[in-house]
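Below is one structure; the comments refer to it alone.
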Amino acid sequence: MTESEDVDRLKRRLNREGAGPLADLSNHAVGAPTARGREVADWVRDMTEDRPLISVWTACQIGFVIGRWGPRRARH
């Protein structure tokens with residue numbers, strides 16, 4: 001048996017016994033949110049370059065909100 005026949009036989013076995021469509025489905029399920037995340041990151045980067053002061057103000061507001069929603073550690 002030659003090397004290419006061995007490879008072909010193993011590929012057929014993998015297709016027959018592998019996850020098949022589930023692997024494709026999981027790849028799409030992970031790929032879609034990842035692509036959207038990249039788009040959002042690119043949009044934020046563009047907005048930061050175009051409007052730096054508004055971006056700093058927005059970041060401060062988001063930090064304030066996260067700080068208010070966070071766990072209460074200090075007790076008076």
Approximate separation, where rounding is to 0.5 Å, of K11 NZ and S4 OG: 10.0 Å
Same apolar cluster (I L V M F W Y, side chains within < 4.5 Å links), V40/M47: yes
Qualifying side-chain hydrogen bond (donor to acceptor under 3.5 Å, both in side chains) pairs with a residue from residues 44-64, counting only residues at least two apart or across chains: D42-R45
Other ILVMFWY residues reachable from F64 by side-chain steps of under 4.5 Å: none
Contacts of R36 that satisfy side-chain contact (heavy atoms from CB on, under 4.5 Å) - sequence neighbours left out: E39
